[in-house]
Amino acid sequence: MATDYAFIRAYGKYIEAKESFVDDEVRRARRQNVGEDVYNYDEATQTWKRFPELEAKAETGDEEAAEMVKKIRAIMR
């Protein structure tokens, strides 16, 4: 079992995505050679969302982001 792109994999579980979706996202990340800290590709802006940015958002008091960070971290344990 591959262990790269752990945030993408955890986010996939968080949103209850099909395994094929997660595999496609991981392949895209590998092809684009993006950092291991990405968790989702935003089709609208054609950019990767980075987990540290989500954590920073949570630290500023964004409750939705904080809950998401908490749940993703729990999945990763």
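Worth knowing before you read on, the calculation uses all heavy atoms, side chains too, and leaves out hydrogens, waters and symmetry mates.
Evaluation of the salt bridge (Lys or Arg N to Asp or Glu O under 4.0 Å) rule for Glu59 yields no partner, not counting sequence neighbours.
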Considering only distance and modelled atom types, tabulate donor-acceptor pairs under 3.5 Å from the side chains of residues 34-43, sequence neighbours left out.
unit_1 : atom_1 : unit_2 : atom_2 : d
Glu36  : OE1    : Tyr5   : N      : 2.7
Asp37  : OD2    : Arg50  : NE     : 2.9
Asp37  : OD2    : Arg50  : NH2    : 2.4
Tyr41  : OH     : Gln46  : O      : 3.4
Asp42  : OD1    : Ala44  : N      : 2.9
Asp42  : OD1    : Thr45  : N      : 3.4
Asp42  : OD2    : Thr45  : OG1    : 3.4
Glu43  : OE2    : Arg28  : NH1    : 3.3
Glu43  : OE2    : Arg28  : NH2    : 2.8

> Going through the distances and angles, do Glu55 and Arg73 end up as a side-chain contact (heavy atoms from CB on, under 4.5 Å)?
Replying inline: CA-CA 11 Å; Glu55 288 178 310; Arg73 285 284 184 197; 2.8 Å; yes
>> Run the salt bridge (charged side-chain N to carboxylate O under 4.0 Å, His left out) test on Arg9 and Asp4 for me, step by step, so that the C-alpha distance in whole Å, both residues' side-chain angles and the decisive distance to 0.1 Å come before the verdict.
In response: CA-CA 9 Å; Arg9 297 173 195 285; Asp4 61 339; 2.9 Å; yes
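Note that CZ of Arg27 and CZ of Arg31 are 8.0 Å apart. Values are rounded to the nearest 0.5 Å. Remark: Gln32 CD to Thr47 OG1 distance equals 10.0 Å, nearest 0.5 Å. Residue Leu54 holds its CG atom at 9.5 Å from CD of Glu64, rounded to the nearest 0.5 Å.
A salt bridge does not link Lys57 with Glu53: none of the charged nitrogens is closer than 4.0 Å to a carboxylate oxygen.
Looking only at side-chain heavy atoms (C-beta outward), Lys13 and Glu19 stay at 4.5 Å or farther from each other. Two residues are said to be in side-chain contact when any heavy atoms from C-beta on lie closer than 4.5 Å; Glu25 and Trp48 meet this criterion. Using a 4.5 Å heavy-atom cutoff, the side chains of Phe21 and Ile15 are in contact. The closest side-chain heavy-atom distance from Tyr11 to Lys49 is not below 4.5 Å.
Results of the side-chain contact (heavy atoms from CB on, under 4.5 Å) test with Ile8 over Asp23, Asp24, Val26 single out Val26 as the only residue that passes.
Contact detail for Ile75 and Ala10: the closest heavy-atom pair is CD1-O, 3.7 Å.
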